[in-house]
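Just below is one structure, and these are the notes that go with it.
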Amino acid sequence: MPAIPHSTSSTATAVAVPPALSLPVIETAFPRRLHPYWPCMQEKTRCWLLEKRLMPADKVEEYADGLCYTDLMAGYYIGAPDEVLQAIGDYSAWFFVWDDRHDRDIVHRRPAAWRRLRTQLHAALEAPRNHVHHPDPLVAGFADSVVRLYSFLGATWNARFARHFHAVIEAYDREFRNRTSGCVPTVDAYLELRRLTFAHWIWTDLLEPSAGRELPDAVRKHPPYRRAALLSQEFAAWYNDLCSLPKEIAGDEVHNLGISLIHHQGLTLEEAVKEMRRRVEECISEFLVAEKEALRFAESLADGTVRGRELSAAVQAIVGNMRNWFSAVYWFHHESGRYMVDSWDDRSTPPYVNNEAAGE
C-alpha cells in the first residue's frame with residue numbers, strides 16, 4: 001500500500017529534511033510504500049518489548065513509537081506474511097536495543113559484561129530454544145526472535161543466518177575494542193567492518209522468508225542479484241553514517257565513515273559530509289543500473305517450469321524490496337527520535353536508553 005509521503009506514525013507530522021541530508025532522487029524516484037500490517041505490528045512490537053523487558057515501561061510508553069523501528073521494517077519487507085513481518089519487526093527492535101547496550105557497555109567501561117553477552121549471544125544463536133528463559137532479557141529476547149525466524153524456511157537458511165550473525169557479533173566485538181582503545185579504523189577497514197556491524201547480509205537474508213522462498217546459492221551469488229543487494233545495504237549504512245555523524249561525534253564514537261575520512265584523510269567536517277553525500281548519491285545511481293540487471297536476471301529464471309516461474313516471481317519481489325529499502329531508510333532517519341540529537345538534554349546520552357549498569 002502507498003504510505004503517507006513524510007510519515008507513518010499516527011502522532012508525527014510532516015518532516016522537513018535538512019538540506020545537507022536531502023536526496024531529491026529518493027523523494028521522487030523511490031515512492032514510499034508501507035506494509036498494511038504495520039499498525040498491528042507497531043502495537044505488538046511495543047507489547048513484545050515490554051513482555052521481554054527489553055526497555056523499561058516508561059521508555060516504551062514515551063519513546064517506542066517515536067523511534068519508528070517498526071516503520072523501517074514495514075517499509076522494507078512489503079508482501080511478507082504478517083507472521084514473518086512481525087518476527088522481523090521484533091528482531092529489528094531487539095537489534096536496536098542490543099546496539100544501545102553495546103554502546104552503554106563501552107561508555108561505562110564494562111568489558112566483562114560485554115564479553116559475557118557476546119558469549120551468550122553466540123550460544124543462543126546455535127540453540128535458541130535453550131535460551132528463551134535466560135535471566136538477561138537481551139539474551140532471552142534474542143533467542144525468542146531467532147526461534148521464530150528459524151521456523152519459516154529450512155535448515156540451510158537457518159545455518160546461513162546463524163553464520164552471518166556470528167560474524168556480526170564478532171564485528172561488534174572489534175568495534176568494542178576499537179572504541180575502548182580510541183582506534184579510528186582507516187576508510188577501507190571501516191567500510192569492511194561496516195558491512196558486518198550494519199548486518200548487510202542479515203537484512204538481505206530476511207528478504208527470503210518475506211518472499212516465502214529460500215533462494216538457491218546460484219541465484220543469491222549471481223552477480224546482478226548480489227550487486228543490487230549490496231548497493232541497497234551500502235546506501236543504508238552510509239546514509240545512516242551521514243545522519244548520525246553529529247550524534248556519534250558527541251558520543252566520542254570512532255566508527256563512522258565521516259570520522260574515518262576526517263581522521264585518516266585530513267578532511268574537514270564540511271568536506272567529509274560532502275564526500276559522504278557523493279558516495280551515497282553514487283550508490284543510488286549505481287543501484288538503478290543494477291536493479292535493471294537483477295530484474296532481467298529474475299525474468300530469465302522463468303524457464304517454462306512451475307519451479308522456474310515461482311523462483312522468478314520470488315526474485316522479482318525481493319529486488320522490489322531492495323528498492324523499498326532506500327525510501328524506508330531515508331524517511332526513518334528523519335522521523336525517528338533516534339537521530340534527533342538537538343532535542344536531547346545530553347547529546348551523548350540518548351533519552352530512550354537504559355543507562356543503568358545492565359549486565360553487571
Side-chain angles (χ1 to χ4, degrees), residues 17-23 67 72 95-96 98-111 114 118 167-200 203 230-284 329-330 332-334 336-344 346-353 355:
V17 180
L21 304 176
S22 175
L23 296 172
L67 289 169
L72 178 63
F95 202 112
F96 281 109
W98 175 49
D99 186 73
D100 293 334
R101 167 83 75 84
H102 178 260
D103 177 71
R104 293 297 94 185
D105 280 348
I106 292 167
V107 169
H108 294 302
R109 301 286 173 172
R110 300 193 295 244
W114 164 248
R118 170 193 171 202
V168 171
I169 296 168
E170 287 306 292
Y172 265 68
D173 185 57
R174 292 202 296 277
E175 181 173 318
F176 188 99
R177 287 183 273 118
N178 282 347
R179 284 184 64 187
T180 53
S181 65
C183 174
V184 179
T186 64
V187 172
D188 288 344
Y190 171 75
L191 293 177
E192 181 180 350
L193 182 62
R194 185 63 164 144
R195 292 187 180 114
L196 294 171
T197 57
F198 197 81
H200 279 25
W203 306 119
L230 179 61
L231 285 167
S232 71
Q233 294 297 324
E234 297 280 55
F235 164 79
W238 298 349
Y239 192 68
N240 174 269
D241 278 6
L242 183 62
C243 293
S244 62
L245 186 57
K247 167 178 174 275
E248 294 181 344
I249 289 175
D252 292 325
E253 252 281 17
V254 297
H255 287 88
N256 185 290
L257 177 55
I259 292 171
S260 286
L261 288 166
I262 291 167
H263 188 83
H264 289 286
Q265 297 190 6
L267 274 60
T268 64
L269 176 59
E270 292 75 14
E271 289 168 340
V273 168
K274 184 177 180 180
E275 172 60 14
M276 293 167 78
R277 275 193 63 98
R278 185 193 68 77
R279 290 177 184 242
V280 165
E281 290 168 352
E282 187 176 77
C283 214
I284 299 168
V329 165
Y330 182 75
F332 168 71
H333 281 87
H334 302 299
S336 174
R338 194 171 180 87
Y339 304 99
M340 297 180 182
V341 180
D342 291 339
S343 67
W344 302 353
D346 177 354
R347 291 171 63 88
S348 66
T349 305
Y352 49 82
V353 301
N355 203 36

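- Between H255 and Y190, the ring planes lie tilted relative to each other; the angle falls in the 30° to 60° range.
- Here I259 contributes atom CD1 and L267 contributes atom CG; the two are 13.5 Å apart, rounded to the nearest 0.5 Å.
- Atom CD1 of residue I106 and atom CH2 of residue W114 lie 8.0 Å apart, to the nearest 0.5 angstrom.
- Ion pair R118/D105 not flagged as a salt bridge, since none of the NZ, NE, NH1 or NH2 atoms sits closer than 4.0 Å to an Asp/Glu carboxylate oxygen.
- Of the possible polar contacts, one joining the T180 side chain to the F176 backbone as a donor-acceptor pair under 3.5 Å is found.
- Heavy-atom minimum distance, G266 versus E271: O-OE1, 4.3 Å.
- The two residues L67 and F332 have their closest heavy-atom pair at O-CE1, 3.2 Å.
- E275 has a carboxylate O that lies under 4.0 Å from a charged side-chain N of R279, or vice versa, which qualifies the two as a salt bridge.
- Residues L23 and Y239 approach most closely at CD1-CE1, 3.6 Å, considering heavy atoms.
- Smallest separation of non-hydrogen atoms from C243 and H334: SG-CE1, 4.3 Å.
- Remark: side-chain polar atoms of H263 are not paired, donor with acceptor, to backbone N or O of V254 under 3.5 angstrom.
- To the nearest 0.5 Å, atoms CZ (F96) and OH (Y352) are separated by 9.0 Å.
- Closest heavy-atom contact between H264 and V184: NE2-O, 2.6 Å.
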### Task
Determine, stepwise, if the pair Y330 / L21 fulfils side-chain contact (heavy atoms from CB on, under 4.5 Å).
CA-CA 9 Å; Y330 182 75; L21 304 176; over 6 Å; no
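- From I284, atom CD1 reaches atom CZ of F235 across 5.0 Å, with rounding to the nearest 0.5 Å.
- The two residues L245 and L269 have their closest heavy-atom pair at CD2-CD1, 3.6 Å.
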### Query
Step by step, would you call H333 with V17 a side-chain contact (heavy atoms from CB on, under 4.5 Å)?
CA-CA 9 Å; H333 281 87; V17 180; over 6 Å; no
### Query
Given the rule in the side-chain contact (heavy atoms from CB on, under 4.5 Å) test, do V187 and Q265 qualify, once you have shown the distances and angles that lead to the verdict?
CA-CA 9 Å; V187 172; Q265 297 190 6; 3.5 Å; yes
#### Entry: Derivation and outcome, side-chain contact (heavy atoms from CB on, under 4.5 Å), residues T186 and S260
CA-CA 6 Å; T186 64; S260 286; over 6 Å; no
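- Salt-bridge annotation for E282 and R278: present, with a side-chain N of the basic residue lying under 4.0 Å from a carboxylate O of the acidic one.
- Rounding to the nearest 0.5 Å gives a distance of 6.0 Å between CD of Q233 and CZ of F198.
- Under the 3.5 Å distance criterion, the side-chain polar atoms of H200 are left unmatched by any main-chain donor or acceptor of L230.
- For R277 (side chain) and S22 (main-chain N/O), a donor-acceptor pair under 3.5 Å exists by modelled atom type.
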### Message
Does N240 form a side chain to side chain donor-acceptor pair (under 3.5 Å) with R338? I'd like the steps, not just the answer.
### Response
CA-CA 11 Å; N240 174 269; R338 194 171 180 87; over 6 Å; no
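- A salt bridge does not link R104 to D100: none of the charged side-chain nitrogens sits closer than 4.0 Å to a carboxylate oxygen.
- Within the 3.5 Å criterion, the main-chain N or O of N178 finds a donor-acceptor partner in the side chain of S181.
- Within the model, atoms CZ of R194 and CD of E175 stand 8.0 Å from one another, a figure rounded to the nearest 0.5 Å.
- The backbone N or O of N256 lies less than 3.5 Å from no partner atom in the side chain of D241, so there is not a single donor-acceptor pair.
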